[in-house]
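A short write-up of the structure that comes next.
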Amino acid sequence: MNEKKFPLTKEETLRLIERYPTPFHLYDEAKIRANFRRLRETFAWAPSFREHFAVKALPNPRIVQLLHEDGAGTDCSSIPELIISAAAGVKGEEIMLTSNDTPYEEFQKAIELGAVINLDDLSHLDYMAKHAGLPNLLCFRYNPGNLVEGNDIIGKPVEAKYGLTREQMFEGYRRALEMGVKRFGVHTMVISAELRTEAFLLTARLMFELAAELKEKLGIHVEFVNLGGGFGIPYRPEQDGIDYDAVGAGIEKLYNEIMRPAGRGDVGIRTESARGITGDAGWLVSTVLHEKDTYKKYIGLDSCMANLMRPAIYGAYHHITILGKENEPADHVYDVTGSLCENNDKFAIDRALPKIDIGDILIIHDTGAHGSAMGFNYNAKLHCAELLRRMDGSIELIRRPQTIDDYFATLKYEGSLMK
Ligand SMILES: *Cc1c(COP(=O)(O)O)cnc(C)c1O
């Protein structure tokens with residue numbers, strides 16, 4: 001069980017809406033920092049630990065900056081994400097580039113910033129060396145194939161486009177050594193939105209065994225094992241969150257069993273959690289515009305899939321509450337929709353909720369990761385604002401809403417679109 005709470009009272013929310021009209025995402029700094037602290041404590045036993053926040057989940061320099069103040073670096077998959085990291089004060093090896101199908105400009109920018117490079121394929125080694133040179137610290141992304149089950153979001157590893165096979169991993173490190181790379185790490189990301197302790201332990205075991213074997217076969221002493229992201233959050237109120245104490249203790253035990261006897265007791269642990277840090281610290285706040293009663297009952301919001309796509313593309317559950325009606329019985333059943341001309345633009349299908357009235361404020365929970373960031377401009381729908389609730393309760397606008405001018409900015413058109 002977990003309680004789905006919105007950090008503002010009804011009065012505070014209504015006052016905020018006068019200043020910033022809906023829809024908007026609100027993020028809570030205190031919750032983000034607390035989530036990060038919990039992750040750090042999980043790995044407090046490791047010789048060195050660093051979290052590289054996966055910028056793609058919430059690409060906002062303010063968020064990256066506040067996490068960096070507490071010691072987090074970043075994991076990037078594009079030039080703008082590298083620029084966001086640098087703008088937020090994240091430097092050198094605090095930054096990691098984990099892209100796939102990577103254009104050489106990304107390698108160039110990452111090497112210029114002194115970032116750690118994580119290669120997604122054997123062939124990228126020569127490609128990077130030719131176009132961008134070599135980084136000081138290199139790792140390869142491991143895809144363990146049939147050893148791991150996968151799920152709907154990340155897919156089965158054997159079907160996934162990411163990473164190298166086990167044989168290719170050894171070939172990659174061998175060739176990188178020959179090319180003169182001196183410092184190495186090892187990386188994987190095979191789980192997503194995972195809540196089960198065993199899944200984290202399986203990942204850690206695979207990676208520790210790989211690191212030990214790299215030492216044995218190639219004499220490579222990796223500086224870190226990066227376990228990737230995939231730390232899930234309980235999207236449904238009846239779910240329990242990750243047992244971080246059990247994950248920490250379980251991984252420590254494996255480390256002591258596998259790494260220490262192999263003379264690898266100094267290897268650091270890295271993670272790239274995003275959902276686990278900001279996921280449950282964000283809410284999409286919308287106003288009910290319409291109620292429609294046909295073959296089903298529909299509630300139409302002023303937000304849409306442009307602001308939160310996860311329900312539409314993965315059928316993901318996001319909890320919904322209605323401001324001021326949190327304790328009323330859920331005795332009505334609705335489809336909660338956005339305004340896109342796509343029938344999958346629904347935040348919830350057949351959801352039991354209290355009676356909803358036009359003008360009600362709907363809170364969609366757990367939108368802090370892969371929420372706003374995933375939004376697109378299909379149907380010429382615009383991105384909404386993002387607000388940060390600071391530790392002292394004040395509210396900061398950290399992304400203004402996209403305007404029609406912004407949307408038209410890339411069009412070439414003789415005359416004026418803005419009459
Ligand atoms: C998306 C991504 C992450 C973050 O995933 P979460 O499930 O949000 O923790 C981390 N690493 C890589 C390589 C990713 O692509």
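Computation of the quantities below employed the complete heavy-atom set of this structure, encompassing side-chain atoms and omitting hydrogens, waters and symmetry-equivalent molecules. Please read these numbers as outputs of a predicted model, since none were measured by experiment. Order of listing sets the numbers, starting from 1, for every ligand and every atom in it.
Every atom of ligand 1 is numbered from 1 in the order shown, and the set under 4.0 Å from a heavy atom of Thr98 is 13 (C). Residue contact check: Ala54 has heavy atoms under 4.0 Å from atoms 3 (C), 4 (C), 10 (C) of ligand 1.
For atom 5 (O) of ligand 1, the nearest non-hydrogen atom of the protein is Met189 CE, 3.5 Å. Looking at atom 2 (C) of ligand 1, its nearest protein heavy atom turns out to be Lys56 NZ, 2.3 Å. In terms of protein heavy-atom proximity, atom 6 (P) of ligand 1 is closest to Gly230 N, 3.6 Å. Annotation: atom 8 (O) of ligand 1 to nearest protein heavy atom, His370 NE2, 2.7 Å.
For Arg141, the closest heavy-atom approach to ligand 1 falls below 4.0 Å.
The parts of Glu272 lying near ligand 1 are both backbone and side chain, judged by heavy-atom distances below 4.0 Å.
Between Glu178 and Arg174 a salt bridge is recorded (basic side-chain N to carboxylate O distance below 4.0 Å). Ionic pairing of Asp70 and Arg37 is not present here: no N-O contact between side-chain nitrogen and carboxylate oxygen is shorter than 4.0 angstrom. Using a cut-off of 4.0 Å between Lys/Arg side-chain N and Asp/Glu carboxylate O, Glu18 and Arg15 are scored as not salt-bridged.
For the ring pair (Phe, Tyr, Trp, His ring centres under 6.0 Å) test with Tyr235, the passing option among His318, His365, His319, His370 is His318; the others fail.
In terms of polar-atom proximity, Ala274 is counted as a contact of ligand 1, with an N or O under 3.5 Å from an N or O of the ligand. Taking any N or O of Gly229, backbone or side chain, none lies under 3.5 Å from an N or O belonging to ligand 1. Of the N or O atoms in Arg275, one or more lie within a sub-3.5 Å distance of an N or O in ligand 1.
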Query raised in the report: Can you list the steps and then say if Glu272 with Arg270 is a salt bridge (charged side-chain N to carboxylate O under 4.0 Å, His left out)?
Result: CA-CA 7 Å; Glu272 297 164 355; Arg270 305 275 172 97; over 6 Å; no

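Taking a 6.0 Å sphere around CG of Asp392, one finds it holds more than 12 heavy atoms contributed by other residues, nucleotides or ligands.
In summary, the aromatic rings of Phe200 and Phe231 are positioned with their centroids under 6.0 Å apart.
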